[in-house]
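These numbers come from the heavy atoms of this one structure, side chains and all, not from hydrogens, waters or symmetry mates.
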Amino acid sequence: RKEFVDLYVNYVLNGSIQKPFEDFKRGFLRGCPAQSWTLFLPEELQIVLQGQAKCDWKLLEKNVVYKQYGVLDQTIRNFWTVFHGFPEEKKKKLLAFVTGSDRIPGYGQENFKFMIEDPKVPNPDEFYPSANTCYRILFLPR
């Protein structure tokens, strides 16, 4: 019985996925040659591929670029007051809403920027905030 269980577990966890995994590995290494990955420690490689999980929210606020807004506009001050009152989980959800990811890219938070722009709609009370994730723009009606 032990041999059967060992063989079955080996098949389920290794043998049954070997062909799809080899196909994935071959395609992945075609675009990202293995020699490049040897430059990184495992922790560094994880940050490059996944981004940074921890975020300095005050630095993020400092790096925001404003379009048709100023730092002292009431809408912006209200936005940051509400944002800093959020729990960590909601802050990450807003980051994902604006950028498409709840993580900061691996190149470092000091270089990470996004934009808050006034969409200039006729009646701002009728519009919700929206985002353009490709350009990291949060459209925030007044």
Side-chain angles (χ1 to χ4, degrees), residues 2 4-142:
K2 182 181 180 340
F4 173 78
V5 169
D6 290 343
L7 289 171
Y8 182 75
V9 167
N10 183 46
Y11 171 76
V12 169
L13 297 178
N14 298 315
S16 68
I17 63 165
Q18 186 170 358
K19 170 86 171 87
F21 178 76
E22 289 299 324
D23 293 342
F24 168 79
K25 180 180 173 185
R26 189 173 58 254
F28 181 80
L29 292 176
R30 184 180 306 150
C32 302
Q35 303 90 332
S36 304
W37 299 114
T38 59
L39 301 170
F40 299 101
L41 295 171
E43 297 83 18
E44 294 170 327
L45 184 59
Q46 183 176 10
I47 289 172
V48 167
L49 294 175
Q50 293 181 337
Q52 299 176 12
K54 297 210 185 253
C55 189
D56 178 352
W57 302 112
K58 290 290 186 183
L59 181 58
L60 180 73
E61 178 183 356
K62 190 177 115 185
N63 287 344
V64 168
V65 177
Y66 300 101
K67 194 167 180 182
Q68 289 106 25
Y69 275 121
V71 177
L72 299 177
D73 282 342
Q74 189 64 43
T75 303
I76 298 301
R77 291 194 341 244
N78 290 344
F79 172 80
W80 288 114
T81 300
V82 170
F83 178 82
H84 289 301
F86 283 164
E88 190 77 11
E89 179 186 322
K90 283 199 176 193
K91 289 178 182 177
K92 288 190 173 219
K93 284 183 179 182
L94 183 85
L95 185 63
F97 177 71
V98 174
T99 67
S101 173
D102 66 347
R103 293 172 176 252
I104 300 294
Y107 56 77
Q109 187 170 350
E110 56 279 349
N111 300 316
F112 178 77
K113 295 184 185 317
F114 77 89
M115 184 182 301
I116 297 179
E117 184 175 332
D118 182 357
K120 295 206 172 204
V121 291
N123 188 355
D125 291 332
E126 294 179 358
F127 290 88
Y128 292 114
S130 59
N132 180 327
T133 56
C134 294
Y135 295 102
R136 295 189 199 134
I137 301 172
L138 174 64
F139 295 104
L140 186 65
R142 291 187 183 271

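- Contact of the Val64 side chain with the Phe79 side chain is not registered, since no non-hydrogen atoms from C-beta on lie closer than 4.5 Å.
- Pairing each heavy atom of Lys113 with each of Asn63, the nearest pair is CG-O, 3.5 Å.
- Taking CH2 of Trp57 as the reference point, atom CG of Leu60 lies at 6.5 Å (rounded to 0.5 Å).
- When side chains are defined from C-beta on, Lys58 counts as touching His84, because their heavy atoms get closer than 4.5 Å.
- Under 4.0 Å is where a charged nitrogen must lie from a carboxylate oxygen, and between Glu22 and Arg26 no such pair does.
- Panel note: side chain Tyr69, backbone Leu140; a donor-acceptor pair is recorded below 3.5 Å.
- Phe86 CZ: more than 12 foreign heavy atoms inside a 6.0 Å radius.
- Proximity of Pro124 to Val121: side-chain heavy atoms (C-beta onward) are separated by under 4.5 Å at one or more points.
- Minimum interatomic distance between Asp118 and Gln68 (heavy atoms only, all atoms of both residues): O-OE1, 3.1 Å.
- Residue Lys25 places its NZ atom among 12 or fewer non-hydrogen atoms of other residues, nucleotides or ligands, all under 6.0 Å distant.
- In this structure, the side chains of Met115 and Asn132 stay at 4.5 Å or more apart for every pair of heavy atoms.
- A pairwise comparison of heavy atoms in Thr133 and Phe97 identifies CG2-O, 3.5 Å as the closest pair.
- For Glu88, the CD atom sits in a packed shell: over 12 heavy atoms of surrounding residues, nucleotides or ligands are nearer than 6.0 Å.
- No more than 12 heavy atoms of other residues, nucleotides or ligands sit less than 6.0 Å from atom OH of Tyr8.
- Between the side chain of Gln109 and the main chain of Asp56, a donor-acceptor pair closer than 3.5 Å is present.
- The nearest pair of heavy atoms linking Asp102 to Lys92 is CB-O, 3.6 Å.
- Taking every heavy atom of both residues into account, Pro105 and Phe112 meet most closely at CD-CD1, 3.4 Å.
- The environment of Tyr11 atom OH is sparse: at most 12 non-hydrogen atoms of other residues, nucleotides or ligands sit within 6.0 angstrom.
- Atom-to-atom distance recorded for Leu138:CG and Leu95:CG is 11.0 Å, nearest 0.5 angstrom.
- Residues Val98 and Ile116 fail the side-chain proximity criterion, which asks for heavy atoms closer than 4.5 Å.
- Rounded to the nearest 0.5 angstrom, Asp23 CG and Ile17 CD1 are separated by 12.0 Å.
- Side-chain atoms of Asn78 never come within 3.5 Å of backbone atoms of Thr75 as a donor-acceptor pair (strictly under, hydrogens ignored).
- Residue Leu94 holds its CG atom at 9.0 Å from OG1 of Thr99, rounded to the nearest 0.5 Å.
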